[in-house]
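Basis for what follows: all heavy atoms, side chains included, without hydrogens, waters or symmetry-related copies. The model shown is predicted, which means the values in this text are computed figures rather than measured ones.
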Amino acid sequence: MRKNDRVNFERGIDVFMMGIDGTWRRNCRMVDVSQTGARLHVPDSIQGLDLREFFLLLSSTGLAYRRCRLIRVAGEQIGIEFLAPGKSNKGRPSK
């Protein structure tokens, strides 16, 4: 059993992943979300992207976002963890 309740989205919610430095961006769909993380469907390749720390943009303008890190990869779906505001994750390796 998970620590935090998850909200599942039947069709997914369109969101974007973006590099901390803004050099890359990927369209994706949020499949489910909890207080501490989310599961995303990413149809495009994530190979070569630095996913130790990135932004999950919840709006196309980027006004609503969360800082994240990659937890797991399962085909086109990835699990992410939300990082606490003000805390960098650059020193921690992604799994």
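Cluster membership for V31 and F9, using ILVMFWY side-chain heavy atoms within less than 4.5 angstrom, is not shared.
Pairs passing the ring pair (Phe, Tyr, Trp, His ring centres under 6.0 Å) check and including a residue from residues 58-81, sequence neighbours excluded, read F55-Y65.
Between R72 and L70 there is no side-chain heavy-atom pair separated by less than 4.5 Å. In this structure the side chain of E76 never reaches within 4.5 angstrom of the side chain of V42, judged on heavy atoms.
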Hey, mind stepping through R29 and V15 against side-chain contact (heavy atoms from CB on, under 4.5 Å) and telling me if it holds? CA-CA 6 Å; R29 293 182 85 82; V15 293; 5.9 Å; no
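Residues that satisfy the side-chain contact (heavy atoms from CB on, under 4.5 Å) test with F82, not counting sequence neighbours, are V33, A38, L56, R66, C68, I80. Applying the side-chain hydrogen bond (donor to acceptor under 3.5 Å, both in side chains) test to S45 and every residue at least two apart in sequence or in another chain returns nothing. Under the ring-ring contact (aromatic ring centres under 6.0 Å, His included) criterion, F16 pairs with no residue, sequence neighbours left out. Residues passing the salt bridge (Lys or Arg N to Asp or Glu O under 4.0 Å) test with D32, sequence neighbours excluded: R6, R39. A search for salt bridge (Lys or Arg N to Asp or Glu O under 4.0 Å) contacts involving R26 returns nothing, not counting sequence neighbours. Take S34 and apply the side-chain hydrogen bond (donor to acceptor under 3.5 Å, both in side chains) test, not counting sequence neighbours, and it matches T36. Residues forming a side-chain hydrogen bond (donor to acceptor under 3.5 Å, both in side chains) with D21 (at least two apart in sequence, or on another chain): T23.
To the nearest 0.5 Å, the span separating NE2 on H41 from CD on Q77 amounts to 6.0 Å.
If you run side-chain contact (heavy atoms from CB on, under 4.5 Å) between M17 and each of N27, L57, I78, only I78 comes through.
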